[in-house]
Amino acid sequence: MERNDIAAVLDEIATLLELTGENPFKIRAYSSGARVLEGLAEDLDVLIAEGRLADVPGLGEALVEKITVLRRDGALPFHQKLRASVPAGLLEVLQIPGLGPKKVRALWKELGVEDLAKLKEVCEAGAVAELKGFGAKTQTKILEGIKNRVAYGKRHRWYQAAAVAEPILAGLRALPQVVHAESAGSLRRNRETVGDLDFLVASSDPAPVMDWFVARPGVKEVTAHGETKSSVRFENGLQADLRVVPAAQFFFALHHFTGSKEHNVAMRHRALGRGLSMSEWGFKPVDGGTVAPGAASEEEVFRALGLPWIPPELREGNGEIEAAEAGALPDLVRHEQIRGVFHNHTTESDGDATLEQMAAAAEGRGWEYLGVSDHSKSSFQARGLDEARLAAQVAAVARLNASGRFRVRVLAGSEVDILRDGTLDFADDVLAGLDFVVASVHNLFTLDREAQTARIIRAVENEHVDMLGHLTGRLINRREPYEVDIPKVIDACAANGTCIELNANPWRLDMDWRWWRHAAEKGVLCSINPDAHDVEQLGFTEHGVRVARKGWLTAGQVLNTRPLAGVLDWLGR
DNA sequence: GCCGTTTTCGGCCCGACTGTTTTCAGTCG
């Protein structure tokens, strides 16, 4: 069984244990074990073989044993037994807002609820309202939750959430009662998807702010309306929370609600080690004696714990606190450091803008170079170029550069298809005539993991391939990544000096941020590629920068922060 | 189940809000 599948089993064990009423700390150990496993930088097989898995913080004797069995056998008797003891449908019941393990367990034991259908039935019969600890309101809320479970469970892609958040944040800042306003949560951490919006406001007069918030257009339901917290649900299912705190607590609250949960747990642990209890309201001395430090900025929150400010993107509990303590936080790449972009399309294949329009737009963005890489002939659905059309495009690019019409230098490339066996859609002598080559998989997504990995590695090994396009083919919320051994591909890229693309299309954001730190440590260069199909989409680059930052990347690790001369030098042209 | 300046047991982050209760349990983040 592969690593992420093992992590999924650990998560399921945690959920099943909740329903059986297990010790919450044991449950936490399983889910945090799953997170640790997902974030493992080293090869799992190597760690198991060398007996070093138990050295990983968060993995003890029991989890090491279970992970080892799952890796070896693909199944775990403990897990199977647990599954058999809990109706499978209860996992869905647990997804209904307002229903946690205790309530689900009561519904199961008292009313025989084993799935959503039965839950709906007992609610409609009025039996739930009669149950101890339940009532009429809860029953209504459950029915609503069942009806809307698809919309409520959905996570939204970052830029969709950002588009909803921006006007609300601007509106909050314009209110006379508001001193500070920020968005927090996964939006601030630049996650690829956002489950709900978190707004944070500093004000000494919260009531009007709360009232303004719950009256936003598009609000379908107000799920909480208190003194410091209100929650609303929009028509599209997106939930938004607003917290209002006094100005003195604002930066503690901002830190707290930015998260992640794992980061906060680690910070609180660190605070306790210094005799301080930490919450969204600030520090409190554990012994009640000394005066706890306040904070007039987020920097001061970190400084109080002996740390430099940690950028929100890094706050995932992946070693950012240790890095901060060691003075080893990366100087994250910034959007203004981008000097040009590769991998863009024109009307020659499936783009909507001509070569000239794209060049003009790139120049307008102040870039020094623009890589054009239309599809190759196998991608006939995208009007892929054959050798003759490619030669004509290369000539057109040369003429455009020679004309002096634009200061931006256009680089002639190709997004060449990787064929089934890992050979490429163009012969080596054709590729040799290009400024750069992006190799991408566009078909056969269902090859098994071994075949897909071998196919991609063979392409990476071609001396003419400069970068590997959208490594996993995922479309966020729409299509799962295909099966591929990412660490092996990273190793192959490192060995062959091949760059990996960070495809900045907001549907893709591929390779995923979770792998970049590891890839960079292996010496693999990143290229942030918009994969633009029109002039507007050149702006996707900023999504790519956000993901690169989340992946701990510095400017030095991103190819297209280099000036034109440096890029030409790297390409060997 | 994990972990150790609390070291093989006994802790484990902290608080708001709701609904069902007459003081608090459960959920959520």
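Residue numbers begin at 1 in each chain, while the letters A, B, ... track the order of the sequences. Remember, it's a predicted structure, so these values are computed and weren't measured experimentally.
In this structure, Leu200(A) and Phe251(A) have side chains that are not in contact, with every pair of non-hydrogen atoms separated by 4.5 Å or more.
Comparing dC12(B) with dC17(B), their C1' atoms sit 24 Å apart, to the nearest whole Å. Atom name C1', nucleotides dT20(B) and dT27(B): the rounded distance is 14 Å, in whole Å. dG10(B) and dG15(B) have their P atoms separated by 25 Å, with the value rounded to a whole Å. Taking the P atom of each, dT22(B) and dC14(B) are spaced 29 Å apart, rounded to whole Å.
Using the Watson-Crick or G-U wobble rule with both distances under 3.5 Å, dT8(B) pairs with nothing in any strand shown.
Counting only N and O atoms by type, the side chains of Glu316(A) and His263(A) include no donor and acceptor under 3.5 Å apart. Using modelled atom types, one finds a donor on one side chain and an acceptor on the other under 3.5 Å when comparing Thr193(A) with Arg155(A). No side-chain donor-acceptor contact under 3.5 Å links Asp11(A) and Ser31(A).
OP1 or OP2 of dC14(B) has at least one side-chain nitrogen or oxygen of Ser277(A) nearer than 4.0 Å. A close approach under 4.0 Å does not occur between any side-chain nitrogen or oxygen of Lys66(A) and OP1 or OP2 of dC2(B). Dashed line: the shortest gap from a side-chain N or O of Thr228(A) to OP1 or OP2 of dC17(B) is under 4.0 Å.
If you find the closest nucleotide of DNA chain B to Leu94(A) and to Val64(A), the one lying nearer the 5' end belongs to Val64(A). In terms of position along DNA chain B, the nucleotide closest to Ile27(A) lies nearer the 5' end than the nucleotide closest to the other residue of the pair Val104(A) and Ile27(A).
With sequence neighbours excluded, no residue satisfies side chain to side chain donor-acceptor pair (under 3.5 Å) with Asn505(A).
In this model, no side-chain donor or acceptor of Asp198(A) finds a partner on the base of dG29(B) within 3.5 Å.
The pair Arg449(A)-Glu483(A) counts as a salt bridge, with a side-chain nitrogen and a carboxylate oxygen less than 4.0 angstrom apart. Note on Arg71(A) versus Glu2(A): salt bridge recorded, some NZ/NE/NH1/NH2 to OD/OE distance being below 4.0 Å.
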Considering only nitrogen or oxygen atoms on both sides, find all protein atoms under 3.5 Å from nucleotides 18-22 of chain B and state each distance.
unit_1, atom_1, unit_2, atom_2, d
dT18(B), OP1, His225(A), N, 2.8
dG19(B), O3', Thr138(A), OG1, 3.1
dT20(B), OP1, Gly135(A), N, 2.6
dT20(B), OP1, Gly135(A), O, 3.1
dT20(B), OP1, Ala136(A), N, 3.3
dT20(B), OP1, Thr138(A), N, 3.3
dT20(B), OP1, Thr138(A), OG1, 2.9

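Remark: P of dG4(B) and NE2 of His269(A) are 7 Å apart, rounded to the nearest angstrom.
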